[in-house]
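Before I ask anything, let me first share the structure, which is written out below as structure tokens.
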Amino acid sequence: MRVGLFIPCYMDAFEPEAGIATLQLLRRFGIDPEYPFDQTCCGQPMVNSGCHAEARATEELFVRNFAGFDHIVVPSGSCTHQIRCHMTSADETHEVREVRERTVDLVEFLHDVLEVDSFPWAEFPHRVSYHSNCNALRGIFHGSMSERREPARSKPLDLLRKIKGLELVDKARPDECCGFGGTFSVFEPAVSIRMGQDKVRDHADAGADYVVSADGSCLLHQKGCAKRLGLALKFRHIAQVLNGDAA
Amino acid sequence: MSEELPRKAADGLPALLHDEVRAPSDEGARGPAGERLTHSEASARPLGRPGNEAQPRGADRTGVGPVDHDRAARRFIDAPQHAKMHDERLWDLRQKRDRQMHAIPEWEDLRDLASGIKQHTLANLADYLEQFEAAATSHGIHVHWASDGAEHNRVIHSILADHGARRLIKSKSMLTEETGLRHYMTGVGIEVIETDLGERIQQLDDEDPSHVVVPAVHKLRSDVARVFAATLGTDPTNDDVHYLAEQQREKTRPLILEADAGMTGANFAVAETGTFVVCTNEGNADLSANVPPLHIASIGIEKIIPRIADLGVFIRLLSRSALGSPITQYTSHFSGPRKGGEMHIVMVDNGRSARLGEEDFWQSLKCIRCGACMNTCPVYRRSGGLSYGATYSGPIGLILDPTFDRKKYSALPFASTLNGSCTNVCPVKINIHEQIFAWRKQLAQTGDIPVIKRTLMKAAGAVLARPALYRAAIASADSALRILPAFVAANRFNPWTERGRAMPEAPRETFHQWYARTNGGRREDQ
């Protein structure tokens with residue numbers, strides 16, 4: 001099984017430890033992913049701004065980097081959603097289609113492909129509020145959604161429940177958007193920051209010590225909001241928790 | 001931190017905001033025997049006494065450039081009492097909607113069915129419209145057609161003029177907001193009295209409705225007291241909701257009794273029967289329709305459903321989605337003029353048939369105006385409906401407004417995080433967030449996005465497509481902040497930090513640098 005590893009641009013620049021945890025975690029399961037050196041971005045910032053033509057060359061580069069892998073693992077539900085559902089600026093060749101179909105988010109890869117049943121090396125004796133990125137939840141369906149009448153299920157929570165000592169807490173608004181929204185965060189900063197502040201207060205009111213998510217971009221935004229509010233919350237990518245990184 | 005607060009209610013769903021309701025001191029609405037009323041509105045969390053915060057005003061609709069949602073949203077957020085009340089009020093409606101949904105096992109099937117009925121009807125719209133017209137005409141209703149808002153207003157005016165009518169009472173209708181009916185009627189000397197309480201408040205305050213179902217939801221009761229004091233002569237210091245409602249009733253009832261004509265909208269028009277249905281909670285549509293001898297109903301052509309048997313599907317979904325109540329207090333069927341009276345229907349297109357031809361957007365015509373997408377939208381809840389500067393606000397507004405004026409509302413599809421909650425609550429399964437996404441693409445293609453945004457995205461796209469350039473650009477976290485598109489400062493402020501959000505800390509090295517230095521961790525044992 002040839003596995004390619006895509007490290008999203010935000011993670012590369014700001015959360016390298018989450019990328020390292022992803023790589024080490026995959027190796028624990030006997031998978032040594034290849035890291036194509038010319039990778040940059042999935043194109044989402046341009047596409048979400050409506051600028052599809054401007055994303056074309058970036059998408060083509062992505063496909064050149066990742067063609068031929070059996071799985072392309074991405075530690076981000078949001079980037080996975082972009083690649084799988086919205087990567088349409090590049091001509092839809094067989095190669096492009098294959099790359100899009102073979103892209104999986106880290107949570108999906110562990111839960112659905114590897115069907116992991118334990119993380120014996122990991123322990124996280126803390127109270128955790130899990131944050132669902134909206135594209136991960138409502139775009140690639142990481143779990144059930146509060147707006148729909150459907151049986152409760154969650155891939156990331158299934159994984160976190162296998163971690164020794166980890167206690168999940170309930171928020172008042174379990175899956176409300178945190179307001180990051182990509183370029184929304186800078187073009188509508190007032191609403192974005194207000195949403196972020198409400199979100200981190202909800203984590204804190206639920207009694208969380210840590211906020212854990214499968215998406216670093218939301219966490220970057222929430223971390224900035226929590227810091228200014230003086231909340232003692234700590235933030236971790238799910239890969240770090242599952243890899244047993246020290247808290 | 002209030003760690004003792006229960007996070008879940010007895011039913012296992014997230015705790016309601018108003019779980020303290022029914023405490024002896026909760027100030028909520030009570031019946032004659034002093035018992036706490038439990039219908040939908042009365043079971044909302046009673047608001048505490050507001051302070052003296054002035055009501056923030058909405059976006060400027062008269063400017064030449066595109067409506068600036070961000071600027072108006074800032075004003076709303078900078079009025080903390082208003083912002084907090086608005087978010088909690090609407091979240092309360094969303095939670096009540098969730099509870100109604102959980103009480104109905106076939107909820108998702110109902111949504112499928114409603115969506116299917118609407119799709120079928122829209123695909124055969126011309127036939128159903130003709131069927132409706134023939135049936136309505138056969139029981140004595142005069143049916144008129146208007147291709148746009150201006151024609152609609154002229155038709156209404158000519159009907160009123162034929163009857164020498166000088167005063168028109170009307171119930172709430174988003175269609176007449178689209179056409180600017182009130183403004184038009186003022187110009188031709190006809191007095192219009194809104195009979196829906198929220199809409200009447202908005203009329204007296206000379207403000208547009210901020211929500212399709214609860215038009216004055218952005219106002220605190222102190223705002224209403226100020227409006228009524230200035231326009232109805234009530235006590236400006238008394239903001240008791242019962243006092244205000246009673247005063248409005250006292251002042252408006254005589255006007256209703258003396259009106260020459262009444263207008264309603266319609267929630268549904270049934271093709272097979274030629275009848276139409278109006279759903280309200282105040283009974284005001286019935287007053288508007290039944291007190292004066294002349295009843296005129298304005299109906300958008302997309303309101304058609306084929307059969308009376310289809311109606312139940314929508315009635316079950318409408319109020320549950322809108323207010324979280326099982327049904328509206330009044331569901332009134334109109335089938336013809338009463339003895340000695342006259343009934344007219346104006347069927348209005350106003351851009352609808354053009355929208356029907358838009359591959360990406362025609363499904364927006366399924367909308368039944370329940371407002372559930374607004375109640376759930378985290379952006380709408382925090383920015384207030386008037387910040388959209390348009391007839392329709394919230395998620396449905398983002399996809400409808402540009403069809404009316406593409407330039408003016410070109411920025412609205414960007415007032416969204418694309419989180420998708422709107423699509424999930426929509427009772428007729430409009431793919432709202434996908435249409436918002438599609439609008440962005442269309443607007444960019446036709447050059448209707450700001451030059452600065454296009455330039456930034458072009459630059460970002462150029463750097464992200466060239467690995468060497470990209471690596472050089474993000475070599476330090478500081479420079480990364482300048483090149484990663486979400487952080488690009490679009491103006492002289494840094495929008496990331498400007499309003500209380502700290503910058504990310506700079507890591508020692510990027511993942512890429514770590515990988516290169518350690519050969520992917522294989523050399524890291526040093």
Test applied, side-chain hydrogen bond (donor to acceptor under 3.5 Å, both in side chains); reference residue, A:Q222; option that passes from A:Q197, A:K227, A:H203, A:K199: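 With A:Q222 as partner, A:Q197, A:K227, A:H203, A:K199 yield a single side-chain hydrogen bond (donor to acceptor under 3.5 Å, both in side chains), made by A:H203.
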Could you look at B:A415 and say if it's the side chain, the backbone, both or neither that has a heavy atom under 4.5 Å from chain A?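 B:A415 touches chain A through backbone and side-chain heavy atoms alike.
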Side chain, backbone, both or neither: which part of B:I104 has an atom under 4.5 Å from a heavy atom of chain A?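 Interface part for B:I104: backbone (N, CA, C, O).
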Tell me whether the centres of the aromatic rings in A:F235 and A:H221 are closer together than 6.0 Å.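 Centroid distance A:F235-A:H221: not below 6.0 Å, so no.
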Can you tell which part of B:L443 gets under 4.5 Å to a heavy atom of chain A, answering side chain, backbone, both or neither?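 Neither part.
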A:R148 versus B:N424, side-chain donor and acceptor atoms under 3.5 Å: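 Present: a donor and an acceptor within the cut-off.
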Would A:H86 and A:Q44 count as having a side-chain donor-acceptor pair, cut-off 3.5 Å?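 No pair is found: no donor N or O on one side chain lies under 3.5 Å from an acceptor on the other.
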Report yes or no: do A:D105 and A:H142 form a side-chain donor-acceptor pair below 3.5 Å?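 Indeed, the side chains of A:D105 and A:H142 share at least one donor-acceptor pair under 3.5 Å.
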Side chain from CB out, backbone as N, CA, C, O: work out which of these in B:A411 comes under 4.5 Å of a heavy atom of chain A, or both, or neither.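 For B:A411, no heavy atom lies under 4.5 Å from chain A.
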Could you tell me which portion of A:N65 (side chain, backbone, both or neither) has an atom closer than 4.5 angstrom to a non-hydrogen atom of chain B?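 Nothing of A:N65, per the 4.5 Å heavy-atom cut-off to chain B.
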Between A:E188 and chain B, with a heavy-atom cut-off of 4.5 Å, which part of the residue counts as in contact: side chain, backbone, both or neither?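 Contact with chain B involves both backbone and side-chain atoms of A:E188.
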Regarding B:N431 and B:T423, do their side chains bring together a donor and an acceptor under 3.5 Å, going by distance alone?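 No, because no side-chain N or O of B:N431 sits under 3.5 Å from a partner of the opposite role on B:T423.
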Under 4.5 Å from any heavy atom of chain A, what part of B:R71 do you find: side chain, backbone, both or neither?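 Contact with chain A: none, neither part.
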Taking B:H512, B:R381, B:Q445 one by one, which has the highest count of heavy-atom pairs under 4.5 Å against chain A?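 The option with the most such pairs is B:H512.
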Side chain, backbone, both or neither: which part of A:A55 has a non-hydrogen atom closer than 4.5 Å to chain B?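 When you check distances to chain B, no heavy atom of A:A55 falls under 4.5 Å.
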Looking at chain B, which one of A:L137, A:V47, A:N48 has the largest number of heavy-atom pairs inside 4.5 Å, strictly under?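 Between A:L137, A:V47, A:N48, the count favours A:N48.
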Is the terminal nitrogen or CZ of B:K453 (NZ for Lys, CZ for Arg) located under 6.0 angstrom from the six-membered ring centre of B:F414 and within 45° of that ring's axis?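 Checked: cation-pi criterion met.
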Region of A:R27 that comes under 4.5 Å of a non-hydrogen atom in chain B: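 The answer is the side chain of A:R27.
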